[in-house]
*Asks:* 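The structure's right below; bear with me while I get my questions together.
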Amino acid sequence: EAQTPKRGGILKFAVSAEPPNYDCHGATSFAFIHPVRPHYNTLLKFDEPSYPKVKGDLAQSWTVSPDGLTYTFKLKPNIKFHDGSAMTSADVKATYERIANPPTGVVSIRKAAYEDIAAIETPDPQTVVFKLKARNASMLTNFASPWDCIYSGAKLKDDPKFPEKNVMGTGPFKFVEHAAGSHWVGERFADYFEKGKPYLDGYRAIFIRNTAARVNALQAGEVLAEFRGHSPADQAKLVSAVGDKVNVHESPWICSLVVTFNAEKKPFDDARVRRALSLAIDRWQGAQALSKIALVRHVGGLLRPGFDLATSPADLVKLPGYGKDINKARAEAKKLLAEAGVKDLKFKFLNRNVPMPYTPVGVFVIDQWRQIGVIAEHEQPETKAYIGNLRSGNYEVGLDFNCDAVDDPNLQLLKYISADKSSINYGRYNDRKLDELYEKQKRELDPKKRSALLRDFEKHALTEAYTFPTIWWHRIIVNWKQIKGWHMSPSHYLNQDLQDVWLDQ
Amino acid sequence: MTLVESYQQPETKARSARSDSVLLDVDNLHVHFETTRGMVRAVEGLSFDVKRGEIVAIVGESGSGKSVSALSIMRLLPKMTGRIPHGRITFDGRNLLELSDEEMREIRGRHISMIFQEPMTSLNPILTIGLQITEPLQIHLGMTHEQAHERAIELLGLVGIPDPARRLEQYPHQFSGGMRQRVMIAIGLACNPKLIIADEPTTALDVTIQAQILELMKDLSRRLNIALIIITHNLGVVARYADRVIVMYAARLVEEGVAENVFHKPRHPYSMGLLRSVPRLDRPRGAKLETIEGLPPNLAIMMSGCRFAPRCPFKIEKCAEEPALLRTDLGGLSRCHRHEEIAAGKLAWTGGGGGGEVSAARKTTPLLSVRDLAKHFEVRSGLRGSGGTVRAVQDVSFDIYPGETLGLVGESGCGKTTVGRLILKLEQPSAGEIRFAGTDITKASAAEMKALRRKIQVIFQDPYSSLNPRMTVGEIIGEPLHVYKLAAGKREQHARVQELLQQVGLRPEMAARYPHQLSGGQRQRVGIARALAMEPSFIVCDEAVSALDVSIQGQIINLLEDLQRRLGLAYLFIAHDLAVVRHISMRVVVMYFGRVMEVADRDTIYAEPLHPYTKVLLDAAPVPDPTIEKGREPRLIKGELPSHLAPPSGCVFNTRCPLASEECRQIVPPLREIKPGHAVACIKV
Amino acid sequence: MLRYTFHRLLLMIPTLLGVAVLVFVLLRMMPGDIVELRLLMDGGQVSPEALATERVRLGLDKPFWLQFYDWITGIMVGDFGTSMWTGRPVIEEIGSRLGLSLQVAVMATILAVSIAIPLGTISALYKDSWIDHVVRIFAIAGLAVPSFWLGMVIILLLLYNFQWIPPLTYVPIWEDPIHNLSQLIWPAIAVGYRYSAVATRMTRSTLLEVLQEDYIRTARAKGVYERLVISRHAVRNALLPVVTVIGLEFAFLIGGLVVTEQVFNLNGIGKLFVETVTRNDYTMVQALVMLVAAFFITVNFVVDLLYAALDPRIRYR
Amino acid sequence: MTMVSPDAAFRPRQPRHPVIEFARAQPTGMAGLAFIVILFVAGVFADFVAPYDPLTLDYGAMLAPPSWEHWMGTDAFGRDVFSRIIYGARTALAVGFLASLFGSGIGAAIGVVSAYFGGRIDMAIERFMDILLSFPIIVLALAVVAVLGKFPVGGLDLNLIVAIAIPMIPKVARVVRSAALAIRGLPYIDAARAAGYHHSRIIFRHIAPNVVAPFLIMFTAFIAQAILLEASLSFLGLGVTEPTPAWGLMLSGTSQEFYSQAPWMILFPGVAISLAVFAFNLFGDALRDYLDPRFKV
Ligand SMILES: Nc1ncnc2c1ncn2[C@@H]1O[C@H](COP(=O)(O)OP(=O)(O)OP(=O)(O)O)[C@@H](O)[C@H]1O
Ligand SMILES: Nc1ncnc2c1ncn2[C@@H]1O[C@H](COP(=O)(O)OP(=O)(O)OP(=O)(O)O)[C@@H](O)[C@H]1O
Ligand SMILES: [Mg+2]
Ligand SMILES: [Mg+2]
């Protein structure tokens, strides 16, 4: 039902972590997106109801040349920065140059995704043209990345590090304050280029690390929303406590926990051992059981189940480790282990000390392995030691995670290509076949052909089982009913500019 | 026998008819304590009275119920455990035991005051002296603050504290022990009470200070017609001050009478024994002290018959029956079946005493030779962090010959213990040398020291804390044997321990006991046995008998002498009791404030003391003879002990010396030999 | 007095220096890297140059001794550096949280003291009566119940019975006392319980000891009202050691708050502590440890001074 | 009041067992001890006592409230809370006992040595203890856990135990030092020195046995504290690792996600911790009174 949005109100929502810095280009965390994104705009953004279609944010319209090497954007008129200056194509150029070629001292996390940009031209203040060196199937998705906040070129010229300490964009909300450890406040930007928007007078993001405290706050109405996602238990609790006052939104999530082997350590250099451990896991039962307590629910391959380019359910069960007959799979697993000459396998299983969903999945996987007589000793150091151990190869088997802002094979498959090509592959192996398939799909603009390449990639990766997904996440959002105009998406990074959100009160 | 019955004394009341002059009348008082070991009957059937203005002394063995009786009169027994199941305490016509708490409170401090043993802990450390004195005045007499203040100044003046107005603002720790006890007396006097009970008021004080305090109390009592109950175990004090004496033994009154009678003609064997076991300054030194063998009974166990019987040399069959309190020929009371025989002089005490001569074989080379010994302590204290040097020992020199006992006397803090510790090398001296059998202890190497250690041993004052509570007697005595391999194998060690136990008069089965299972005297014997185990030639006895009961003290002194005769030991005997020192020593060193004042033969020093300090010291110690004491004029030494942080210039004694002149404030008098073997540090001699 | 104060202050320096060395070394021995954590925590590909750049920016490429030297010399002139995580000055980060923690600590102290002293006194006066038993059980239980668990239970009770939870954002008490107190009273209770238990036990046992003292007997022998004997003679003496315990517990409280602040989502020092430690935010952790250590030492010092003020034996010696 | 009559020893010694004597003198302490024994037995025989295996996941009974099958309900993985509490007693007691033994043992050794030698040694040790004492416990524990890593032996992380023990050291050292200082001044130590015994003999034979009382009291008190600290550390995610059954862990980690929905998940472990600590404190208090001669009549 289409209601006319009402003006006014302050949206209070919880964020379970806190932005470490203020620079979009150097940030990676959803904890950054939720409070900071409303201060900025990007060139494109996702058209939520019809995700993954993109639409213009600052861009009015765009064209892509048939060879796929030239992207031309027309900007919307009358866009102003919070300091009152006008936003032009020069600002877009300055921003993307900063992302693609960061000046010394500036951290650009996603630089690699923009390698293909050869030049950026600004024929007039309202037009910006990107020239590519090579075709890239994901380029439009890149331009819709929530991280590519458009900064003021003038400010960047004075100080390329300006965004690290200052929040100044074109977005619907102006920055008011950040009380470290406590909250973040934004207020309505009166000169926002979308007339009449935003509807809210402002918002207050409250940082609550402790899950129980967060859920309690939500239940007591201290906050009206939390945009990352809840566990099913919390959902159940909230619904049973204040069910008539909240809406529940659900969606598969572009995140999965993956088991990674340190291929340098015996016996995990043996594909049979790795595959056996994959086969031992009953993903179908696990998905069903864990979905009651953890925010995981979907069985999928390397790409998010439900995504256009992901394997169809029919094909999925044919992949190793995805069969529905677990006894058969386990028998095969034992056989493989025997073939590999591995007896009484016992190893340390590195997991991240984060209760949701790492611990449940870890406990589940350990239990699954126990079923084929493999003993995994659980180790859960805190995040920094966990990351350190993964990166330095100081582990045997680990539970890694693969989480991205958008569905994009280029992003999701990075985890699987050779370690010398990918800094997020901690498996310490090189497999040129995977690298080759990856490169091909990246340049393939035809979705059908790209899909076929992806199937080959997936099959090979799961047979070698250097790294394999366990269970894909499931995003559950419980919002108070008065929140309107917010759309669910498979990513907690997307759709958080709050420009269309309003409160029905 | 039920409890109630047990209170009904078989005796008929044989006490003097009550008259108006009787202020306090205690009648058949029983006090019980509930303890985890069962019920302790601390006082049983105690009856006595006190007349107005009279001074009554209560004496007796430690634990005989003296303090408990006093506390019962004040009704200050521990609430939870203490109980008075029977008895009557009539004070000024009112039975105190029937008063309400509030009525009793009004009597305390107003009509009856009490002064306790420990002046150091009896005053509240965080309240000013002024407040503590004025408190009862405001409460009982309803004085205003100003009035009370005036009176407090007056009171302090009365007890001889100079500059009272300023003193009122100060706190107890700024007062010396003697002054605190005076403050306690001032508090006691505050409301003009009719009765003051003083429970060992001077035991914790120095001899010279003790005399000051007691004279003061006696004087005030006479002047203000205040009755006084003095509880003490010092028979000299009793002799000097008491009109009447009550002797207690094992929760019971055993004898009561006029002081002269009790001292000269005791009518109870315990009193007889007690008087005989005290070494006395006024009598020629006997070779051996009399002792009362055995130990007092356990009050937690119901007893029948005479309680002294097990230790009594006159025990007869009849003593299995409880003796009644009977009037004696002298008009006093005695709880002895045979008091008439005693009166008739038919029973004479023949203890282990008498006989035996002192070996006085002096050899020419000293065993221990101390020269110019000095020990300085650096002290830093308190928030101000102001430091200072305590010159605990200065220029001390003396010799001890093999087989000799050297007595070391002096008031508290004069450095006696420090000298002992220096000899034992428990401290390193600041200057001087200590030669033991030719070797300088202060410079001895570790190996030399190890050999020397065996030859020099020590016995400490407190027998309990000088024994490791976690070791059995056998282990304690056996340890040196084991460490120094003085016994080959367990067997021999065991045999040696048995032998040592026997030597000090303990039964062999004691070896399995722990120190807390022994009595004080037995513990001290263990300490001696441990020292003997090393086969030493010299023992430092630091107040080795001061913590013991009079009747036990004699036993230990006899033992030490006995051992000396048999083993040829030399002792450094440190004590503050002049009579004891006189008894045991051959020569005596008198110290004052870190320095030696006088050195002489035992007989010389007691007969013709030369140094003014020695004189007052001897004077201040009362002898247990009322006739002598009462006839003696008090020769009091004035003033307090000087402070180590502000030592007097010149002769250390000049601040208190009756002979002091300007010269004494300039010159530090050297120790000069006046006669052979008699040295004095005084320029006036 | 002045000399003493000066001496004590001087003594603080080696201790603090020791703490500084210890925390510096320990931190650098801890595995993990703030840069990796910051950039990789949420996945995604990060180029190695980006990591290197970030390390240079934070000064982590310098040799240890130089880092230590820079840090210590900074402290001397009051510069504690900037947080490696947020880039904001450490002083600012800590300052914005200190008020809350201190307030909780002070409230807990007030709560504890106002419960402990009467309770401990009554318990000692009626030793072995039922009231004593109740108080002792209350006190021992206070030592036994984990304060964070108590916090969780409090929150659950509030939530179930009143559908209410304490406010989440901190407002200074002078701006909105009701909001402020309704947020902080609960954690103060959660930590204050243990605190009051410790103080109650101390009060009881010292009072029992003091009641055995000779001067109490003296006071009774003077015929002082029992009420006065207790209040003037006994309790005042018994409070001396209690003051020490209160001070020590107050100093330790910061440690106790670490966990409780998590439960109540309080933006205080304790929470900051955990966050910065788990992030290897060297500058922050170092500053916080120094702060807590200095706080601890200072409180001890103040307790000593207080003790001296209350006890003439120390004051005049 | 201390009034031990000198003849106390001369009653025929009734051979009474110290436990009986303790029970008589300290009934509450005995109750504490009894509970500790129950815990201990339950922990040791957990395999027989516990109705369920503490590790088996039961997807059919996740987050079940207390019922006849599951007296204390189940946790998020369908594991029986009661069984996990019983098995958790093992962890709690082992961590508590070992940490306390380690912490108070080292602390006591340092305290005795420091007191005995005095002077510079004492001064240096005291300063170092000052530093440790003013160091926040959490950081200390964290650093130890992080620096040493995990070192599991038989399901127990020894380094966690070290981490819990270290903050105890300065406190025990303080208390034992002052006790030892008091003893060092007693004549029997002087007597031993005068006898020329070696330092080690005096320390171990004469001083150490006599600081046993304060040591034992600290020891029991610190078992209680160790249990609490382990719970706190687990709460911060630094303690025991899933799926090991441990009380502190049961209050933290995943149960933080569920407790407001399934309060039994934290209520019972919290009660278990409180009761255990309570019991140790009761026992410790009673032990103190029992060992303190001033309370003996
Ligand atoms: N509070 C108490 N609880 C149990 N027994 C007690 C208590 N007070 C005293 N007693 C016992 O009562 C007896 C008499 O004690 P009291 O203090 O009167 O002896 P005393 O004659 O004053 O001895 P001392 O000369 O040593 O002071 C002793 O056996 C003592 O053990
Ligand atoms: N370790 C020390 N540090 C500082 N001062 C000390 C020390 N030992 C003794 N003194 C001081 O040295 C002086 C002499 O002490 P010492 O114990 O030798 O006296 P004493 O004659 O044995 O006294 P008492 O009769 O009381 O036992 C005292 O003033 C004492 O306070
Ligand atoms: Mg007495
Ligand atoms: Mg002495």
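None of the values given here were measured: they were computed from a predicted structure. First the proteins, then the strands, lettered A, B, ... as listed; each starts at 1.
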*Asks:* Check whether Leu426(B) gets within reach of chain D through its side chain, its backbone, both or neither, counting any heavy atom under 4.5 Å.
*Replies:*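 Both backbone and side chain.
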*Asks:* Take a 6.0 Å sphere around CZ of Phe117(D) and say whether it holds more than 12 heavy atoms from other residues, nucleotides or ligands.
*Replies:*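 For Phe117(D), atom CZ is crowded (more than 12 foreign heavy atoms under 6.0 Å).
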*Asks:* Side chain, backbone, both or neither: which part of Glu475(B) has a heavy atom under 4.5 Å from chain D?
*Replies:*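 It is the side chain, since no backbone atom gets that close.
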*Asks:* Check Ile189(D), Ile183(D), Leu186(D) against Ser465(B) for a side chain to side chain contact (heavy atoms under 4.5 Å, CB included) and give me the one that passes.
*Replies:*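 The option that passes is Leu186(D).
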*Asks:* Counting only heavy atoms not in Phe204(D), do more than 12 sit closer than 6.0 Å to its CZ atom?
*Replies:*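 Atom CZ in Phe204(D) is not crowded, with 12 or fewer foreign heavy atoms closer than 6.0 Å.
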*Asks:* Grab the two heavy atoms, one from Phe460(B) and one from Ala191(D), that are nearest each other, plus how far apart they are.
*Replies:*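 Residues Phe460(B) and Ala191(D), closest heavy atoms: CE1-N, 3.7 Å.
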*Asks:* Using non-hydrogen atoms only, which part of Arg530(B) is less than 4.5 Å away from chain D: side chain, backbone, both, or neither?
*Replies:*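 For Arg530(B), the contact with chain D is made by the side chain alone.
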*Asks:* Side chain, backbone, both or neither: which part of Tyr484(B) has a heavy atom under 4.5 Å from chain D?
*Replies:*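 Tyr484(B) touches chain D through side-chain heavy atoms alone.
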*Asks:* Nearest 0.5 Å please: distance from the CZ atom of Arg205(D) over to the CZ atom of Arg470(B).
*Replies:*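 Reported to 0.5 Å precision, the distance equals 12.0 Å.
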*Asks:* Could you tell me whether a side-chain N or O of Tyr188(D) sits under 3.5 Å from a main-chain N or O of Pro469(B), the two making a donor and an acceptor?
*Replies:*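 No.
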*Asks:* Could you grab the distance from atom CD of Glu427(B) to atom CZ of Arg193(D), nearest 0.5 Å is fine?
*Replies:*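 Going from the CD atom of Glu427(B) to the CZ atom of Arg193(D) covers 7.5 Å.
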*Asks:* In terms of heavy-atom proximity below 4.5 Å to chain D, should Met449(B) be classed as side chain, backbone, both, or neither?
*Replies:*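 No part of Met449(B) comes within 4.5 Å of chain D.
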*Asks:* Heavy-atom cut-off 4.5 Å, strictly under: side chain, backbone, both or neither for Ile456(B) against chain D?
*Replies:*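 Just its backbone gets close to chain D.
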*Asks:* Do you know which of Arg421(B), Gln457(B), Glu479(B) has the most heavy-atom pairs under 4.5 Å to chain D?
*Replies:*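 Counting heavy-atom pairs under 4.5 Å, the top option is Glu479(B).
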